[in-house]
2 protein chains.
Amino acid sequence: MAAQAGVALKTVSRVVNGEPGVGPGTLARVEQAIIELGYRRNESARQLRSGRAGTLAMVVRDIADPFFAAIGRAVEMTAHRDGQVVMIGSTHEDPKREREVALAFCARRPDALILAPIADSQDYLHPEVEAGLPVVAIDRPAHGILADTVLSDNVGGIRAAVAHLVSHGHRRIGYLGDDQMVYTARERVVAYRAALAEHGIAGDEALVRLAAPTPEGIAHSLGDLLGLGPVPGGLAGAGPVTALITANNRITAEVLRQLPNLPRRTALIGFDDLELADLLVPGLTVIAQDAEGIGRAAMELLDTRLTDPRLPAREVRIPTTLIIRGSAE
Amino acid sequence: MAAQAGVALKTVSRVVNGEPGVGPGTLARVEQAIIELGYRRNESARQLRSGRAGTLAMVVRDIADPFFAAIGRAVEMTAHRDGQVVMIGSTHEDPKREREVALAFCARRPDALILAPIADSQDYLHPEVEAGLPVVAIDRPAHGILADTVLSDNVGGIRAAVAHLVSHGHRRIGYLGDDQMVYTARERVVAYRAALAEHGIAGDEALVRLAAPTPEGIAHSLGDLLGLGPVPGGLAGAGPVTALITANNRITAEVLRQLPNLPRRTALIGFDDLELADLLVPGLTVIAQDAEGIGRAAMELLDTRLTDPRLPAREVRIPTTLIIRGSAE
DNA sequence: CTGTTAGCGCGTTCAA
DNA sequence: TTGAACGCGCTAACAG
C-alpha cells in the first residue's frame with residue numbers, strides 16, 4: 001500500500017476519492033506515491049464495503065444480433081455517462097443458459113439487471129429481486145418476478161403495415177410468423193388478424209404460417225401462399241396472395257433469399273429493419289423497432305426505480321416506424 | 001448469514017463450494033437454509049479474497065458494429081464455457097473514452113483485457129500490465145505496453161481482391177481507403193499498391209483516395225474516379241476506372257448508395273462482408289474477415305498466457321476470405 | 001487536518 | 001467433522 005510513502009492509510013483513501021481535508025503537502029506526497037507505485041483503487045473492494053457496484057448486467061438472446069447490439073449500445077452509452085460498466089451475455093435462446101448467465105451476473109451483485117427473457121419463468125431470480133435487485137425485461141415480459149418491462153409496439157407496427165398494403169389495393173395478404181412459443185410472435189399475429197378485420201377483410205387462416213423459420217419450412221410456405229407447387233387445399237379457389245408480411249428479420253431474410261426464384265412479384269413488408277434494406281431493388285419496406293429507444297427507456301425505468309424502489313411494475317411501449325421503401329406498393 | 005440455520009459460518013462455505021468433509025445431517029440442514037434464505041455466494045467478496053476474478057473485459061470501437069459484435073459473441077461463448085463473464089464497452093473512436101472505459105474495467109480487476117486500440121498509445125495501462133494483467137489487442141496493435149495481438153490478414157485479402165479483378169481483365173482499379181491515421185487503412189492501401197505491382201500494373205495515385213468516409217467526400221471521389229464531373233487533372237488522359245476496391249464497410253455502404261445514381265457499371269469489391277450482400281443485384285463480392293476466428297484466437301492467446309505469464313508478445317494473423325458474388329466480374 | 005478501529009463476505013489456516 | 005481467527009482492499013464512523 002502506498003502508505004509506505006509517508007502517510008497513513010485513510011489519507012490515501014481521501015486523496016483517491018477527492019475528499020476534502022487533506023493538507024497540500026501530504027496531498028502532493030500521496031499523489032507522488034500513487035504515480036510511482038501505479039496505484040489503482042480496487043473497485044471490487046470498494047463495492048464490498050460501500051454496497052454500490054457501479055455495474056450493470058444485461059442478458060440478451062444474442063449480443064451479435066443487430067437489434068440487441070443496438071440496445072446494448074444505448075445502454076452502455078447511458079451507463080458510461082453515469083460511471084457504470086456493463087456486463088453482457090447471450091442466452092442463445094436456451095432457458096438453461098439464461099439462468100446460468102443471469103445468476104453468474106447476479107453473483108457479482110450488479111446495480112440492476114436488464115434481461116430479454118427466453119425461459120417461461122424467471123422465478124429463479126426471486127431471491128435477487130427480493131434482496132432489492134431491480135430487473136427490467138426487454139423485448140418480452142418476464143414471469144414469476146416483479147420487473148419493469150420495455151416492449152416494442154408490435155400491434156401498432158403491424159397495423160401500419162396492413163394499412164399500407166390495403167391502401168395499395170392488397171386484400172389477400174399472407175403472413176409468415178414465428179413459433180407461437182415466442183411472445184412477440186403471438187402479439188404480432190393477433191395484431192395482423194385484428195388489422196385485417198379493421199379493414200373489413202375476412203381473415204383466411206390458410207394465408208397464415210406460424211413456425212420457427214427454417215429454409216425448408218419457408219420454401220414450403222411460400223410455395224403454398226404464392227400458389228405454386230402442390231396446393232394441399234384451401235388456396236385453390238381464392239388464388240395466391242398478392243402481399244406478404246414477414247414477422248421478424250430472420251424470416252424476412254430467408255424470404256428475400258427465396259423470392260427471386262419465384263415467378264410472381266409479391267409485395268413484402270418485414271418486421272425489423274435490415275442493414276442495406278434500402279439498397280435492394282425494390283427497397284425493402286419494413287416495420288423498424290427503435291432499439292436505441294428501448295435501451296434508453298430501460299435505463300430511465302432503472303433510474304426512477306433507484307429513486308423509489310417500491311414502485312409497482314411498469315410497462316413501456318416503444319413506438320415502431322413503418323419505413324416505406326417500395327417493396328410493398 | 002445462513003449460519004442462523006443451525007451451524008457455523010465455515011460450514012456454509014464448505015457446502016457452497018462442494019468441499020468434502022461435511023456430515024450428511026449438517027449438509028441437509030445447510031442446504032435447506034440456503035434455499036429458504038435464498039442465499040447466493042457473493043462473487044465479489046470471493047474475488048477479493050482469492051484473487052481470481054472470473055471476469056473478462058473487452059473494449060471495442062462500437063459494440064453495435066457487426067464486426068465487433070461478432071468478435072464479442074465468440075469471446076462470450078468461450079468465456080461462458082470457462083465460467084467467466086464479460087464486461088464490454090465502446091470507445092466510439094475517442095482515445096479519451098478508450099482510456100476511461102479501459103481503466104474503469106481494470107478497476108474491477110478482470111482476469112484479462114481484450115482491446116481494440118484507438119489511441120496512439122496504451123501506456124496508460126502500464127501499471128496494470130506491470131501488475132500482471134494480460135492484454136490482447138485486436139484489429140489494430142497496441143503501443144507502449146506488452147500485449148498479444150490478433151489481426152486480420154489485410155494484405156492477403158487485398159491481394160486476393162486485386163487478383164480477382166485482374167483475372168477479369170481490369171487494369172484501372174480505383175481504391176477508396178480510410179484516413180491513414182487508421183492502422184488497417186495503412187496496411188490495406190500498401191497491400192493494394194503491392195498487389196498491382198505484382199501484376200505488372202503501374203500504380204496511378206490519381207486512382208487512390210484516402211480519407212474518412214463522408215458522403216460528400218465519397219461522392220466527390222466517385223465523380224473523379226468514374227470520370228464524371230469536373231476532373232481536377234490527372235485522369236483526363238487515362239480514362240475512368242473500371243473497378244473499385246472499397247477498404248471498409250462504411251465506405252462500401254456509402255458507395256453502394258451512390259453507385260446507382262452513376263451511369264457506368266463499375267466492378268466493386270468491398271472489405272468486410274455486409275448483411276444481405278448476397279441479395280443485392282449483382283451480389284456484392286467482399287473480402288470477409290473472420291470475426292469468430294479473431295475472438296477465438298484472442299481467447300487462446302489468453303489461455304496460453306495464463307499457463308506461462310512470461311511469454312513474449314505474440315502476433316496472430318487471421319485469414320480473410322474473398323467471397324465472390326458477382327459484383328466484380 | 002489526520003489517524004484508528006471495525007467490518008463488508010468470503011477463503012485460508014490451523015486448532016478443536 | 002467442525003469452528004475460530006485472520007486478512008483480502010476498501011470505506012464509514014469516530015476519534016485525535
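A note on names: the letters A, B, ... follow the listed sequences, proteins ahead of strands, and every chain is numbered from 1.
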Nearest of [options] to any side-chain atom of [X]?
X        : options                  : answer
Asn17(B) : dG9(C), dA13(D), dG11(C) : dG11(C)
Asn42(A) : dC10(D), dC10(C), dC8(D) : dC10(D)
Thr11(B) : dT2(D), dG11(C), dA12(D) : dT2(D)
Tyr39(A) : dG9(C), dC10(D), dG3(C)  : dC10(D)

*Assign Arg14(A) to base, sugar-phosphate, or nothing according to its heavy-atom contacts below 4.0 angstrom with the strands shown.*
base
*Quick one: label Ser44(B) by what it contacts on the DNA or RNA (base, sugar-phosphate, nothing), any heavy atom closer than 4.0 Å.*
nothing
Under a 4.0 Å N-O cut-off, is there an ion pair linking [X] with [Y]?
X         : Y         : result
Glu130(A) : Arg40(B)  : no
Asp148(B) : Arg314(B) : yes
Glu43(A)  : Arg49(A)  : no

_By nearest heavy atom, map Pro24(B) and Ser50(B) onto DNA chain D; which one lands nearer the 5' end?_
Pro24(B)
*Mapping Ala45(B) and Thr26(B) to their closest nucleotides on DNA chain D, which lands nearer the 5' end?*
Thr26(B)
Value in whole Å for how far the [atom2] atom of [N] lies from [atom1] of [X]:
X         : N       : atom1 : atom2 : result
Arg52(B)  : dG11(C) : CZ    : P     : 11 Å
Leu27(B)  : dT2(D)  : CG    : C1'   : 13 Å
Glu43(A)  : dC10(D) : CD    : P     : 10 Å
Leu48(B)  : dC6(D)  : CG    : C1'   : 13 Å
Arg108(B) : dG9(D)  : CZ    : C1'   : 15 Å
Arg29(A)  : dT2(C)  : CZ    : P     : 8 Å
Lys10(A)  : dA15(D) : NZ    : P     : 16 Å
Arg109(B) : dC8(D)  : CZ    : P     : 14 Å

*Report yes or no: do Asp178(B) and Asn248(B) form a side-chain donor-acceptor pair below 3.5 Å?*
yes
_Looking at dG11(C), I'd like to know if its phosphate oxygens (OP1 or OP2) sit under 4.0 Å from a side-chain N or O belonging to Ser13(B)._
yes
*Please check if the side chain of Arg186(B) supplies one atom and the backbone of Gln180(B) the other of a donor-acceptor pair under 3.5 Å.*
yes
*Mark yes or no for a side-chain to base donor-acceptor pair under 3.5 Å between Arg49(A) and dG7(C), with no hydrogen or angle criteria applied.*
yes
